[in-house]
Amino acid sequence: MEKHIFSNTEEVAEHFAKYLLNVSTGKTEFHIALSGGSTPKALFDFIAQNFANKFDWDSIHLWWGDERCVAPDDAESNYKMTYDRLISKIDIPKGNVHRVLGENAPDQEAVRYSKDILNNLSSENGLPKFDLIILGMGPDGHTASIFPHQMELLQKKEICAVATHPESGQKRVTLTGNVINNASEVAFLVTGGNKYDKVRSIFDKGLNHELYPAYHIKPTHGKLVWFLDEAAWGNS
Ligand code: 6PG
């Protein structure tokens with residue numbers, strides 16, 4: 001497992017953009033599952049402003065590790081955030097953008113998206129294999145839309161599941177933990193002092209670390225890399 005610490009969110013975004021360019025260049029097909037959240041916003045802005053023409057977008061397929069069950073033009077939509085900050089500013093074939101249809105009924109969409117993934121990705125260990133899954137981590141240790149009150153989504157046999165936000169009750173479609181752990185590579189992008197206690201608990205196996213979904217993300221055969229800022233890691 002690799003860990004990279006940078007001074008702030010913008011530094012994390014710039015260094016991860018370079019990392020992403022390096023890991024995706026030269027591939028005939030590269031399937032990435034994206035995340036919502038504040039750090040990916042900075043990443044998409046950096047790529048759109050500085051690297052829009054450096055990536056071979058014909059070979060890159062964009063998926064989502066989780067999506068809110070809302071319309072694609074809803075302010076809550078991870079797709080909308082990605083479209084506004086990145087997709088609308090790059091020359092990527094429409095067929096390479098595989099959004100979760102948040103406007104659909106959640107249970108039906110979880111099934112449809114699972115089939116879409118299976119139809120487009122190669123499989124290994126009986127599960128679809130993403131080339132890279134980008135994840136954030138919430139202050140409660142959730143990742144994708146696997147929250148501490150729904151730990152069963154880590155082991156669920158389905159590719160995608162319907163999750164519920166613990167406070168708002170908002171329905172979401174999320175990749176399940178086994179699919180995430182089947183990826184060739186998983187990259188956490190975690191910034192902000194409100195993540196510090198969970199980050200250190202996960203890395204130091206501190207009190208209650210097993211209660212945090214992000215702790216259970218350990219690619220079975222793939223690579224795990226964390227990109228953090230000093231606020232999330234602490235200065236030690
Ligand atoms: C989402 C994200 C979610 C996010 C974390 C961290 O749909 O909201 O997938 O898992 O990564 O909540 O978000 P921040 O980086 O904004 O703290």
Side-chain angles (χ1 to χ4, degrees), residues 4-6 8-13 15-17 20 32-46 62-72 74-86 98-102 106 109-110 113 130 132-151 153-154 160-177 179-181 183 186-202 211-217 224-233:
H4 304 281
I5 316 293
F6 300 100
N8 56 42
T9 300
E10 289 66 31
E11 287 281 306
V12 168
H15 286 274
F16 185 74
L20 181 59
I32 310 173
L34 302 175
S35 170
S38 57
T39 313
K41 283 179 185 173
L43 171 66
F44 300 155
D45 287 346
F46 182 89
L62 303 180
W63 302 83
W64 276 263
D66 68 316
E67 178 59 282
R68 294 83 180 276
C69 293
V70 295
D74 188 299
E76 277 285 301
S77 166
N78 285 337
Y79 166 77
K80 175 177 175 13
M81 182 274 279
T82 313
Y83 181 85
D84 291 348
R85 292 170 182 267
L86 178 63
H98 310 268
R99 74 176 180 92
V100 177
L101 304 183
E109 181 54 20
Y113 203 57
F130 281 93
L132 174 65
I133 296 178
I134 297 171
L135 295 173
M137 187 188 74
D140 60 355
H142 83 261
T143 191
S145 281
I146 304 175
F147 292 91
H149 74 295
Q150 290 184 315
M151 296 295 275
L153 298 184
L154 287 166
C160 296
V162 176
T164 306
H165 191 281
E167 276 96 49
S168 66
Q170 183 186 62
K171 293 295 183 195
R172 299 177 170 199
V173 172
T174 186
L175 292 181
T176 53
V179 172
I180 295 172
N181 282 329
V186 174
F188 273 101
L189 307 186
V190 179
T191 59
N194 60 341
K195 318 294 174 66
Y196 170 76
D197 64 332
K198 301 298 186 297
V199 166
R200 296 316 288 260
S201 179
I202 287 168
L211 301 181
Y212 312 137
Y215 168 76
H216 297 279
I217 301 304
L224 177 61
V225 59
W226 286 71
F227 280 70
L228 303 115
D229 72 353
E230 288 172 357
W233 179 251

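Since this is a predicted model, take the numbers as computed values, not measurements. All values below come from the heavy atoms of this structure, side chains included, with hydrogens, waters and symmetry mates left out. One-based numbering, in listed order, for ligands and for the atoms of each. When a residue number appears, it is its place in the shown sequence, counting from 1.
Atom CG in Asp66 sits 10.0 Å away from atom OH in Tyr113 (nearest 0.5 Å). In this structure, Ser77 OG and Trp64 CH2 are separated by 8.0 Å, a value rounded to the nearest 0.5 Å.
Ranking the protein heavy atoms by distance from atom 4 (C) of ligand 1 puts Gly36 O, 3.9 Å first. Atom 5 (C) of ligand 1 has as its closest protein heavy atom His142 NE2, 3.5 Å. Nearest to atom 6 (C) of ligand 1 among the protein's heavy atoms is Met137 O, 3.5 Å. Here the heavy atom of the protein found nearest to atom 16 (O) of ligand 1 is Ser38 N, 2.7 Å. Scanning all protein heavy atoms for the shortest distance to atom 13 (O) of ligand 1 gives Gly37 CA, 3.8 Å.
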Full working for salt bridge (charged side-chain N to carboxylate O under 4.0 Å, His left out) between Lys80 and Asp84 = CA-CA 6 Å; Lys80 175 177 175 13; Asp84 291 348; 2.6 Å; yes

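For Glu109, the salt bridge (Lys or Arg N to Asp or Glu O under 4.0 Å) partners at least two apart in sequence or on another chain are Arg112.
Contact annotation for Thr191 and ligand 1: no heavy atom of the residue comes within less than 4.0 Å of the ligand.
Among Leu224, Leu175, Ile217, the single residue meeting the side-chain contact (heavy atoms from CB on, under 4.5 Å) criterion with Leu135 is Ile217.
The heavy atom nearest to atom 8 (O) of ligand 1, considering only Lys41, Gln170, Arg68, Glu67, is found in Arg68.
Short contacts between ligand 1 and Ser35, defined as distances under 4.0 Å to a heavy atom of the residue, involve ligand atoms 2 (C), 9 (O), 11 (O). Within ligand 1, counting atoms from 1 as listed, the ones closer than 4.0 Å to a heavy atom of Asp66 are 1 (C), 2 (C), 7 (O), 9 (O). Those atoms of ligand 1 that come under 4.0 Å of a heavy atom in Gly136, given as number and element, are 11 (O). Less than 4.0 angstrom separates some heavy atom of Ala144 from each of these atoms of ligand 1: 3 (C), 9 (O), 10 (O). Listed by number with element, the atoms of ligand 1 under 4.0 Å from a non-hydrogen atom of Lys195 are 14 (P), 15 (O), 17 (O).
Although no hydrogens or angles enter the test, the distance criterion places no donor-acceptor pair under 3.5 Å between the side chain of Thr143 and the main chain of Ala214.
Taking 4.5 Å as the limit, every side-chain heavy atom of His216 sits out of range of all side-chain heavy atoms of Ile146. The shortest distance between side-chain heavy atoms of Trp233 and Arg200 falls below 4.5 Å.
The aromatic rings of Phe130 and Trp63 stand perpendicular to each other, their planes meeting at an angle above 60°, with 30° marking the opposite boundary.
Residue contacts with ligand 1: Gly192 is excluded, as none of its non-hydrogen atoms falls under 4.0 Å.
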